[in-house]
Amino acid sequence: MSDSPSLPLTAIEKPTHFLADIIATDQAAGRYEGQVVTRFPPEPNGYLHIGHAKAICTDFGLAQAFGGRCHLRFDDTNPEKESDEYVRSIQEDVRWLGFDWGEHLYFASDFFETMFELAIDLVERGLAYVDSQSGDDIRSSRGTVTQAGTHSPFRDRTVAENLQLFHKMRAGDFGDGTHVLRAKGDMAAANMKMRDPLLYRIRNAPHHRQGDKWCIYPMYDFAHPLEDALEGVTHSICTLEFENNRDIYDWVIANVDQSRLKTQPKQYEFARLNIGYTVMSKRMLRQLVEKDHVASWDDPRMPTIAGMRRRGIRPQAVRHFVNRVGLAKANSQVDAELLDGSIREDLNFEAPRVMCVTDPLPVEIRNLPEGQVEWLEASYWPHDVPKTGSRQVPFSRNLVIEREDFAEVPPKKWRRLSPGAEVRLRYGFFVRCEDVIKGPDGRIEKLICSYDPTTRGGDSPDGRKVQGTLHWVSADKGVPCELRMYDRLFGVENPGADGDFLQDLNPNNLKVTQGIIEPAAAKTAAETPAGGEVRFQFERQGYFWPDPVDSTGDAPVFNRIVGLKSSWGKPALKTPSKAQTKTKAKTKAQKVGKRPELSPELAAFAAELQGMGAPRADAEVLASDATLASWFTGAVQAGAKAKTASSLAVNELRRAAGETPLDQLACAPVDLAELCGLLDAQRISSKGGKKILAVLVEKGGSAQALMAELGLEQISDPAVLRPMVEKLLADNQANVDAYRGGQKGLRGFFVGQAIRATGGKGDPKVVQALLTELLG
RNA sequence: UGGGGCGUCGUCAAGUGGUAAGACACCAGGUUUUGAUCCUGGCAUUCGCAGGUUCGAAUCCUGCCGCCCCAGCCA
């Protein structure tokens, strides 16, 4: 794999998403001694796909960007599904993508002994027990999302009994499913995952690495956090569906014998990748292979890494794609077009242009004698790719062109060949179609053309124009080849959305044709070892490379990596017009839910608060939070204006408090009242009030003193502010013009700048008034 | 209906009280011996909806609506 320095695609960009923010913050705070250790933790039970590529780029990319390291760890805790074939293929795929884990290759199974000891310790400390209920009983006693579960009858076994049973479990004294080890969680927890989570189960099955050494295996929720902590991982990044598991993750890290852990890792989640017109679940991919809808896991139609590699996609393109997709927590599905575009962008500067006719239509050049061959020079690169190199292309009496480049009755704007029309054969000559030969079935068998010898190379001395330029190959000298024209695996954007996803397969996801390729390209392909760096752009067709498995020097087989973009022939997928979108937005009139009624007691309380002067809406909010209400009443009793106090309590206090409970703040209602006074006297702006409140709740103090300390007392004198505003406008004439030209959004810019110019003290109301006056 | 998440352009996605980034797609021009590439320009008066706070709200408050995840001895 050669990374071309000329391509921006290979540049390692510092990520800017929320995970990068978290890591940067941790690093700045000196957490984990500034270390950043991530991990990519696949279970070796299937092939990696492009969704994993996103995870891999994220895990390794983040570590790289922050000077840390990323481990490759196989999460092999379920012996029945896992095998060495997958650990081999996964390593190959990660490496192919361009990432290196150095010596940090781990297997969960290597930690089994330590995990067992940690589990024993949990039992000894009464935090885990052996449950001997049946699977069904465990399930039903877990309760439902709306109902609490019930305790297992075995939950209160003695430590000694638990220990003895757990050891016997390990010793192989029991059959599958007879006993499990469970943590003592909370059977009434709202998070179902915390209802006495299972830690170990019995599986009398050989493990791909441990053989018959174990017959009990740890569950994901127990094993995963331990693997992380045992390896020294700091940031454990996974996908959204594990959000519910984070509580157990933290529980395990917090409750296990601390002396054994290298780090106290934290789990973070991001949205997994979805792409239109394909599927990403292992289950579905497996079905495609097992039911022979594709040839294998590395079938070029598969979204697997192996499939993409065999198709001819370069890892640079995959990484570029992942970068373009971004990273966030919103479930989303990206356009299939984005992947295609990334592949094209990667190959555009990498793939030399050659000619290959994929669906040959014979053309006889009437005025070129049989046996005569004109060798023409053809550049490998178009004018805007800064690379050089060319080859010789033979032009002879018998040629082939693309069947779809000829139309007996040309449609409007046809820029190809038709009866009587003249076109250029790329790097060759102008040819004119003089006759059409048809078979008995009416099918066109051959075109009779004449060529203009003076147009050698493709330029006419008289400067005349032609319809268009066609690719072509000499039938006499060209080399027959097989072309595998891969297309989208599925015919609909969301396979399986209504029913069986297999029904949505695109029947034309592979079309095999027999084509003819120009000799120079055939030679290059034949001389390159299988899977070597040889990718072409077949002009006007797309990007291709020899299939690494099936192509041979004698019988070349080319895979279409991706087609060229085309604004012809495809009825351009319609994007809803703006007008339609607007209508849609308006029609999507939402059901507006009713505001729930307050209970009679709360309503009475609200009425009481309203009686004290709180606006109705505020009163209702205050009423439903007794502590908040007490802040309001306290402030009013301390002399605050009711409206100001309620507004501050409702709109600001809770946020300012953050995690701190409202009854544990560093200040008292009387301080709030003082702040209200400042606000009402217009001595500070609302913004200044917020700043003071933030300090008040955390550190306490006097509002008035803080105002002075923070320099927040307002400057409201227009005479003072006017020159500043005038200067601001003078300094930003362009923006002033834009504003007057209708760009009213700029007003915020002016206000912001003006306030900044006064060190935050300018009274925004006065500034606004001045702006209104001066800007018109 | 319990809990946990998430709603910003057709699709991704920045933004966390002061001018709604960027990319892909799309549209319009230009260059072109690939209907490709490349270049130029356009493309959210508005951030799920409704109220409220504020001089100023995508960002704060309240309520509602919608989507995803959780009841494997899978990961």
Side-chain angles (χ1 to χ4, degrees), chain A residues 16-17 43 45 75 77-78 81 135 138-139 142-147 149 176-177 180 189-193 195 198 200-203 219-220 224 240-246 269 271 276 324-335 337-338 341 344 348 353 382-385 413 415 424 426-427 457-459 468-469 471 537 539-541 564-569 572-573 575-576 578 581 588-596 615 617-618 620-621 647 650-652 654-655 685-687 690 735 738 743-753 755-756 763-769:
Chain A
T16 56
H17 46 70
E43 181 185 14
N45 71 343
D75 210 355
T77 57
N78 185 355
K81 296 184 175 177
I138 288 179
R139 193 170 311 120
R142 189 144 38 210
T144 69
V145 289
T146 51
Q147 276 181 306
D176 287 6
V180 290
N191 181 350
M192 299 283 299
K193 299 275 185 196
R195 323 245 262 223
L198 273 63
Y200 270 91
R201 78 296 213 181
I202 299 172
R203 276 279 175 287
M219 300 286 292
Y220 168 86
H224 205 90
L240 249 29
E241 67 270 26
F242 291 99
E243 273 175 324
N244 296 313
N245 301 59
R246 194 171 56 224
E269 311 86 15
R324 295 219 282 202
V325 164
L327 194 82
K329 292 192 73 163
N331 286 312
S332 58
Q333 182 181 58
V334 309
D335 273 346
E337 192 55 38
L338 192 65
R344 288 191 199 103
N348 183 35
R353 274 57 168 176
H383 63 93
D384 56 351
V385 173
K413 296 191 179 171
R415 306 226 308 248
R424 170 168 43 231
R426 186 147 223 234
Y427 298 123
D459 285 311
T469 303
H471 64 282
Q537 185 195 104
E539 296 220 24
R540 305 208 305 134
Q541 288 294 319
L564 255 28
K565 214 166 125 182
S566 170
S567 51
W568 175 259
L573 298 169
T575 303
K578 217 171 167 183
T581 312
K588 114 181 162 193
Q590 216 171 36
K591 269 186 283 177
V592 177
K594 284 202 192 74
R595 191 172 233 93
D618 284 355
E620 289 183 357
V621 176
S647 173
V650 168
N651 293 308
E652 309 297 344
R654 224 181 312 212
R655 175 170 70 128
S685 64
S686 59
K687 194 185 224 171
K690 278 178 214 191
N735 279 340
Q743 214 174 308
K744 299 300 181 196
L746 247 21
R747 184 155 192 126
F749 162 79
F750 290 123
V751 179
Q753 291 296 313
I755 306 278
R756 203 158 300 152
D763 182 338
K765 285 183 213 173
V766 178
V767 170
Q768 291 276 23

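Throughout, protein chains are lettered first and strands after them, A, B, ... in sequence-line order, and every chain is numbered starting at 1.
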Quiz item: Under a 3.5 Å cut-off on both pairing distances, which runs of 3 or more consecutive Watson-Crick or G-U pairs involve RNA chain B?
Solution: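 Stems (3+ consecutive pairs) listed as B:2-7 with B:65-70, B:10-12 with B:22-24, B:26-30 with B:38-42, B:48-52 with B:60-64.
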
No-H, no-angle donor-acceptor pair, [X] side chain to [N] base, under 3.5 Å:
X	N	answer
A:K690	B:G17	yes
A:N651	B:G52	yes
A:N191	B:G2	no
A:E241	B:C69	no
A:K687	B:G18	yes

Quiz item: Would you say A:Y220 stacks on B:A75, if stacking means ring centres under 5.5 Å apart and planes within less than 30 degrees?
Solution: no

Quiz item: Any side-chain N or O of A:R540 less than 4.0 Å from the OP1 or OP2 oxygen of B:G35?
Solution: yes

Self-check item: Phosphate OP1/OP2 of B:C70 contacted by A:R246 side-chain N/O (<4.0 Å)
Solution: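 Checking A:R246 against B:C70: no side-chain N or O falls below 4.0 Å of OP1 or OP2.
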
Self-check item: A:D176 CG - B:G72 P separation (whole Å)
Solution: 18 Å

Quiz prompt | Lys/Arg N to Asp/Glu carboxylate O, A:E243 vs A:K193, below 4.0 Å | solution =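 No, A:E243 and A:K193 are not salt-bridged.
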
Quiz item: Is A:K81 paired with A:E43 through a side-chain N to carboxylate O contact shorter than 4.0 Å?
Solution: no

Quiz item: Under the rule syn = chi within 90° of 0, otherwise anti, which is B:G15?
Solution: anti

